[in-house]
Each structure stands twice: as structure tokens, then as C-alpha cells.
Visitor: 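My structure is below; once you've seen it, I'll send some questions.
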Amino acid sequence: MCGRFSLFDMFGLEVRFNINLPESLVPSYNIAPSQEILAIIGGGGEQERYRAQLLRWGLIPFWAGDADASKKMINARAETVEKKASFKESFARRRCLIPADGFYEWKKEEGRKRPYRITLHNGELFAFAGLWDEWSSPRGETIKSCAIITTLANKLVEPVHDRMPVILAREAEAAWLDPRTELPALKELLQPYPPQFMECYEVSAIVNSPRNDRAEVVEPL
DNA sequence: CCAGACGTTGTT
DNA sequence: GTCTGG
DNA sequence: CCAGACGTTGTT
DNA sequence: GTCTGG
């Protein structure tokens, strides 16, 4: 699954995704659920440019009775995303890119967990396939939130964990955002990323606490 | 028909 | 809102 | 995802 | 054990 990632390479970000960054966005080595994260929406048709949008990580379906759903819905399974009540509407109409430069998975062994960091070669920026939604409370407060889609781990990640987030091929990003893309074509985009373009290495357990947001957590152990 | 759930991961 | 279970 | 808290009453 | 906060 994917419950932690990083996005600290802010310089390449605007050019790579053709966006203006939100003022309040700060680089982070250790991004956790419940935080406001950068997402990219728009594209396709008349819209010339993608838009950056901060979203709470943890999707609250628009019909939810309260906002507690967000504590659970940090991931959506690629295999079932078009069928689940909580995600189907977002899958059909509210897809987003979630930029990152690495993510973390924990390997469980002998009763303890060791964290690993997974990146593309050279720490290149990439985008998770994401879903978003907008929820309004009875009092009229609105919350925009999101989830990251997961799929089977590839050969590189599989020794650490059996699931991993969907990283979109760069040439698939536009199709993912395009409202005209048909559902079967969308599902085809949700594949495990090719392991030969990725790196996986153990990192310090300092990353375990989301409070430890510093460069040390991305260093090889 | 209405009521009630709506999720993933990991562990058992 | 929409699906599943009864 | 992991870490850390997990409670009420009454008083300031 | 389970929920909340980050």
C-alpha cells in the first residue's frame, strides 16, 4: 500500500507538471495521511493548463455523513475502484495526479517493521494516480480530499510489500486527467510501474514518525 | 421494498 | 448517491 | 503508513 | 485492542 511519501524537489515541479505552485506548499520528506497534499487536476478539452490543488489525504465521499471517512480512505484498490461506492464517482469524474519523488513501504519481519524508500532513477519526479472528492458538512464547510490508487507490487517492491501505489507512465498522465477517456482505457493505465526504472533501499526508522520531516529519512541506511 | 453500509492493509 | 443484504 | 493516546469532573 | 493525529 502507500501510506507515506515525499515531495521535496520543488524546483522541477512547476515545469514538469506545467503548474503554478500554491503559496502554502512546502517541501516534505515525510508526508502522511490527513495532511494537505499537492494534487493536479484539469486538462483535456478546453482547459489549457493543469491546476494545482491542495487536498486532504484521505478521501471523504461527497455523500458521507461526517468527515471521519477520511481517516480510512487513503488508498483505493485499482482492481475494484470502478465498483466501490466510495470511489466510483471519483474514478469516473474526479481523477488527479499526485506528484512525488519517492514513497515508503514497511517490510514486516520477525515481529518488527523496517522502512524502505522507493524512487525512480535519479530521484526523478513522478505522479501517483489519484482520486479526489469534495464534501460539504451540514454547516456548509467544504473539504476537498483525495486517495492514492494501489496495485500489485512489482518485482522490485514485492520483497518488501505485496502492494504499491500506481505510478503513472509519464505519457499516461494526460489521459488519466482527461475527462473524455473511457473507463476501460482508464483501468488499463493502472499498472505496476516497470521495476527496471525504479530503485528500492532501506532507510532509517526515523521515518516512522511523521514528525521527522528532514532529509535524513531519504538517506540509504 | 427499506436499512445499512460504503475502505485498505495485514493478521488470524 | 448507490449498492448489498434481508 | 506509524506513533501515541486511550477519561471525567470540577476548578482555574 | 482500537482510535486519533500527523
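Just so we're on the same page: letters track the sequence lines, and every chain starts at 1.
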Visitor: Mind jotting down which residue pairs meet the side chain to side chain donor-acceptor pair (under 3.5 Å) criterion with at least one end in residues 166-177 of chain A? Sequence neighbours excluded, please.
Guide: A:Arg16-A:Glu173

Visitor: Considering residues at least two apart in sequence or located in another chain, which fulfil the ring pair (Phe, Tyr, Trp, His ring centres under 6.0 Å) criterion with A:Phe126?
Guide: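 Scan of A:Phe126 (ring pair (Phe, Tyr, Trp, His ring centres under 6.0 Å), adjacent residues dropped) gives A:Phe128.
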
Visitor: Shortest non-hydrogen contact from A:Arg117 to A:Ser6?
Guide: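 Closest pair (atom of A:Arg117, atom of A:Ser6, distance): NH1-OG, 2.9 Å.
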
Visitor: For A:Gln191, give me all partners under side-chain hydrogen bond (donor to acceptor under 3.5 Å, both in side chains), at least two apart in sequence or on another chain.
Guide: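 Once residues adjacent in sequence are excluded, A:Gln191 has no partner under the side-chain hydrogen bond (donor to acceptor under 3.5 Å, both in side chains) criterion.
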
Visitor: What ring pair (Phe, Tyr, Trp, His ring centres under 6.0 Å) pairs are there with at least one residue in residues 189-216 of chain A, not counting sequence neighbours?
Guide: none

Visitor: Would you grab the first and last nucleotide of DNA chain D (5' to 3') that comes under 4.0 Å of any non-hydrogen atom in chain A?
Guide: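 The footprint of chain A covers D:dC1 to D:dA3.
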
Visitor: Contact class for A:Phe62 (heavy atom, under 4.0 Å): base, sugar-phosphate, or nothing?
Guide: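 Sugar-phosphate, backbone atoms only, no base.
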
Visitor: With sequence neighbours excluded, give me every side chain to side chain donor-acceptor pair (under 3.5 Å) pair touching residues 208-221 of chain A.
Guide: A:Ser28-A:Asp213, A:Trp106-A:Asn208, A:Asn212-A:Arg214, A:Arg214-A:Glu216

Visitor: Show every side chain to side chain donor-acceptor pair (under 3.5 Å) that has at least one partner inside residues 63-86 of chain A, sequence neighbours left out.
Guide: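 Listed by first then second residue: A:Asp68-A:Lys71, A:Glu79-A:Arg163, A:Glu82-A:Lys187.
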
Visitor: Give one of base, sugar-phosphate or nothing for A:Ile74, where a contact means two heavy atoms less than 4.0 Å apart.
Guide: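 Counting heavy atoms under 4.0 Å across all strands, the contact made by A:Ile74 includes a base.
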
Visitor: Considering residues at least two apart in sequence or located in another chain, which fulfil the side-chain hydrogen bond (donor to acceptor under 3.5 Å, both in side chains) criterion with A:Arg95?
Guide: none

Visitor: When we call it a touch if two heavy atoms are under 4.0 Å apart, what does A:Ala69 touch: a base, just sugar-phosphate, or nothing?
Guide: nothing

Visitor: Please enumerate all protein N or O atoms sitting under 3.5 Å from an N or O of nucleotides 3-6 of chain C, with distances to 0.1 Å.
Guide:
from: C:dC3; atom 1: OP1; to: A:Lys88; atom 2: NZ; distance (Å): 2.7

Visitor: With sequence neighbours excluded, what pairs up with A:Glu109 under the salt bridge (charged side-chain N to carboxylate O under 4.0 Å, His left out) test?
Guide: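 Testing A:Glu109 for salt bridge (charged side-chain N to carboxylate O under 4.0 Å, His left out), a comparison that skips the adjacent residues, returns A:Arg114.
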
Visitor: By ring pair (Phe, Tyr, Trp, His ring centres under 6.0 Å), which residues pair with A:Tyr29, not counting sequence neighbours?
Guide: A:Phe8

Visitor: Going by heavy atoms closer than 4.0 Å, what residues in residues 203-221 of chain A are next to DNA chain D?
Guide: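 Result for residues 203-221 of chain A: A:Asn208, A:Ser209, sorted by number.
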
